[in-house]
Amino acid sequence: MLKTFLIGIKDLRLAFRDRAALILMLAAPFVLTLGLGLVTGRFSGNNNSGLSDIPVIIVNLDNEQLGNALADVFTSAELADLMEPSASSDPEAAR
């Protein structure tokens with residue numbers, strides 16, 4: 001246990017002696033957070049994730065309990081902001 005503690009102290013001393021490494025250790029997470037926030041648009045003040053009104057064509061050839069339940073999920077009010085479902089009976093036209 002003492003050896004592990006001494007190795008940790010040695011590494012901390014080395015890190016605090018090298019200013020460039022210390023600045024990089026502290027600044028890199030901050031810069032990455034800013035960069036990813038700007039890329040994803042989370043800093044724009046708009047809480048919208050950018051995904052909305054995804055067109056989905058539902059072809060329910062089953063018309064049984066499972067197929068109807070899946071079609072009901074896609075047309076539910078919870079997904080209304082995200083998807084724009086439309087029903088079709090022709091799989092070739094849907095493709």
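If you're wondering where the values come from, they're calculated on a predicted model, not measured in any experiment.
For the atom pair Asp72 CG and Leu79 CG, the distance stands at 11.5 Å (nearest 0.5 Å). Taking CG from Asp81 and CG from Asp53, the interatomic distance works out to 8.0 Å, rounded to the nearest 0.5 Å. Interatomic distance, CG of Leu12 versus CD1 of Ile7, reported as 12.5 Å (0.5 Å rounding). For the atom pair CG (Leu2) and CG (Leu6), the distance works out to 4.5 Å, reported to the nearest 0.5 Å. Here the CG-CG distance, from Asn60 to Leu70, works out to 8.0 Å after rounding to the nearest 0.5 Å. Going from atom CD1 of Ile57 over to atom CZ of Arg95 covers 11.0 Å, rounded to the nearest 0.5 Å.
Leu38 and Phe30 fall within the same hydrophobic cluster, where Ile, Leu, Val, Met, Phe, Trp and Tyr residues are linked whenever their side-chain heavy atoms come under 4.5 Å apart, directly or through other members. Leu24 and Val31 are members of different hydrophobic clusters when ILVMFWY side chains are connected at heavy-atom separations under 4.5 Å.
Nearest heavy-atom pair across Pro91 and Leu61 is CG-CD1, 3.8 Å. The shortest non-hydrogen separation linking Ile58 to Ala71 is CG2-CB, 4.1 Å.
Inter-residue side-chain proximity for Leu14 and Lys10 is flagged as met; some heavy-atom pair is nearer than 4.5 Å.
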Passes side chain to side chain contact (heavy atoms under 4.5 Å, CB included), Asp90 versus Val59? Steps please.
CA-CA 7 Å; Asp90 185 19; Val59 179; over 6 Å; no
